[in-house]
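One structure below.
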Amino acid sequence: MKASQFYISTVKEAPRDAELISHKLMIRAGFIKRLASGIYSWMPLGLKILRKIEKIVREEMNNANALEILMPAIQPAELWQESERWEFYGKELLRIKDRHQRDFCFGPTHEEVTLDIIRKDIKSYKQLPITLYQIQTKFRDEVRPRFGVMRAREFIMKDAYSFHTNHESLIETYNKIYQAYSNIFTRLGLKFRAVAADTGAIGGTGSHEFQVLTDSGEDIIAYSDSSNYAANIELATYLKKNATRTQSTKEKEKIATPNQKTCFEVAKMVNAPLSNTVKSLVYDGVNNQPVLVLIRGDHELNEIKIGKIAQLKQPLTFSTHSTIEQYFKCSPGFIGPVDFKGIIIADNDVSIMSDFICGANIDGFHYINVNFGRDCPEPTIIADIRNVIEGDPSPDGNGTLKLCRGIEVGHVFQLRTKYSTPMNLTYLDQNGKSQLMEMGCYGIGVSRIIAAAIEQNNDEKGIIFPVNMAPFELIITSINYSKSTLVKTKSDELYIKLKNLNIDVLLDDRDERIGSLLADSELLGIPFRIVIGEKFLANNQVEFYNRKISASKLINLNDIVNIASELINLEKK
RNA sequence: CGGGGUGUAGCGCAGUCUGGUUAGCGCACUUGAUUUGGGAUCAAGGGGUCGUGAGUUCGAAUCCCACCACCCCGACCA
């Protein structure tokens, strides 16, 4: 490709609303153009990157015996009503009506459609297992799209669905796809980690996320410093301490805290550690009675964990101020377990506390030296309902937990019969008996991978792409291409030779000053660069530059093709 | 949905408080000249319903009202 005949639209300044480095660089490099909030066009350079990622994804999926199909983006409401997700999926589902006022949606995921294909076609155990996948545009009407293609509403996803006669078969395919995902992200040159995860709106049992590790990630991952335990903080647990409650020696005491509503403020006022305070939260219970949830002042409640407790209303709902005031006769900043008559859910760590500090259920007052059993009822339920923190013992007993951030680029689920049951997905077994199929699903955020890769690989000059996803593998930057016949001739020769070796090369023949040509090549993140100009050609030499290590050396013109192609092929592996 | 903010040329911004000639600057773009191994210089030029609508006024980018879009924080969601 010659730059003069290509579409390169780099800019020096990123738009004001771009926050994240990957977003800024993708805009500056001209990979994407925003059309509306969370909706982007892919320009030629950006699309080339997408296609390269898709190629690797296809190769690995095909290797894992998955078959590519392409399903409609628009789906009829009936299917979603059948799986009961028409209501459950919420506002993220973009609903549309056709001219006959029939309901449709723009597919955010394709469990229903794939299942419908399989149930109409696959009747026998002999045809199973089978895995289908597609690479397609999805739409999820995110509450707050942000960070460019990182959290876009319209995005490209590889989604795969597998169908099985039993759980063992599902696990086998699950592991195969898990391995394929590891291969994909390794080949793409990403630093990533597979972590145990919650299943969210997709549902099912076992689930792992593939997280690209970077400080700008939206997810928090907990991992053991000395074992391979790793989980999303939504799910991460810790090894419960064997501690018991110490005997109280002090009497409960009411103290005035007129303006202190948070644990932090109260602890500061009475000069006690934050870990001596108890945070009281109120959620609606199944019978609409408020349920009191207790958590240590220095801990954070985990809504995924608490959402799994049966005594709470689904979906989890914070009680309103008026409900709280009606039951506790005080405002939310001063509630506590003393004299509370309903269900109390206490975190493990709260249940072993004594002489703690909590709200007095009287506006402007807190109690100190409160004890379960003596001053307030014992908790009805004791459970792990908090987020793990750094230093918690790893749940497998090996080492302590550390936290880091990540970007979710892949997610694998064992759906089991979550969809098979409501949608009646069955096959005939050896005995001619009808049985429910087991199902798995597997997603990769293809467009998000580009943003994640850039977050991980950039410097002050711009992007540093791994060879396998770079828009071009090599750029020839020609100095005075249009003015010097020598430069033009040698550049063209070099370009043809490299192209014949199947190297994805861009010849930058644009009539610009050298500074802007070099700056562009670095911004775009092209891994290797050959600079060709009259000065070094006088010695039959060119300059060879490696973007990743930001170093260059002079190489004889006769050797450059071999050296460059060997290096590129080495990196591509 | 709650809180905060921003809309002026493709991008980044000034001008708005205190209404008053032809709405300005940098980058980008066009033409010419001089330059040419790190985003050049000079000269000339093109490009604007000042987010939209309604109002106040002799006069509105500027003041008032409504609406829209976008961004940030939170809630929410994967």
Nearest 0.5 Å, please: how far is CD1 in A:Ile184 from NZ in A:Lys158?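 The NZ atom of A:Lys158 sits 6.5 Å away from the CD1 atom of A:Ile184.
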Using only side-chain N and O atoms of [X], determine if any of them is under 4.0 Å from OP1 or OP2 of [N].
X: A:Arg513; N: B:rA40; result: yes
X: A:Arg16; N: B:rG5; result: no
X: A:Ser37; N: B:rA69; result: no
X: A:Arg28; N: B:rC11; result: no

In terms of side-chain heavy atoms of [X], which of [options] is nearest?
X: A:Asp219; options: B:rG37, B:rA78, B:rC76; result: B:rA78
X: A:Ile514; options: B:rC70, B:rU36, B:rG37; result: B:rG37
X: A:Arg144; options: B:rC76, B:rG74, B:rG38; result: B:rG74

Residues A:Gln134 and A:Asp159: side-chain donor-acceptor under 3.5 angstrom: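 A:Asp159 and A:Gln134 do have a side-chain donor-acceptor pair below 3.5 Å.
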Under the 6.0 Å and 45° cation-pi test, does A:Arg95 pair with A:Trp80?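 Checked: cation-pi criterion not met.
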With sugar-phosphate meaning primed atoms plus P, OP1 and OP2, does [X] contact a base, only sugar-phosphate, or nothing at under 4.0 Å between heavy atoms?
X: A:Arg529; answer: base
X: A:Lys483; answer: base
X: A:Glu234; answer: base
X: A:Glu19; answer: sugar-phosphate
X: A:Glu218; answer: nothing

Salt bridge flag under 4.0 Å for residues A:Arg529 and A:Glu522: yes
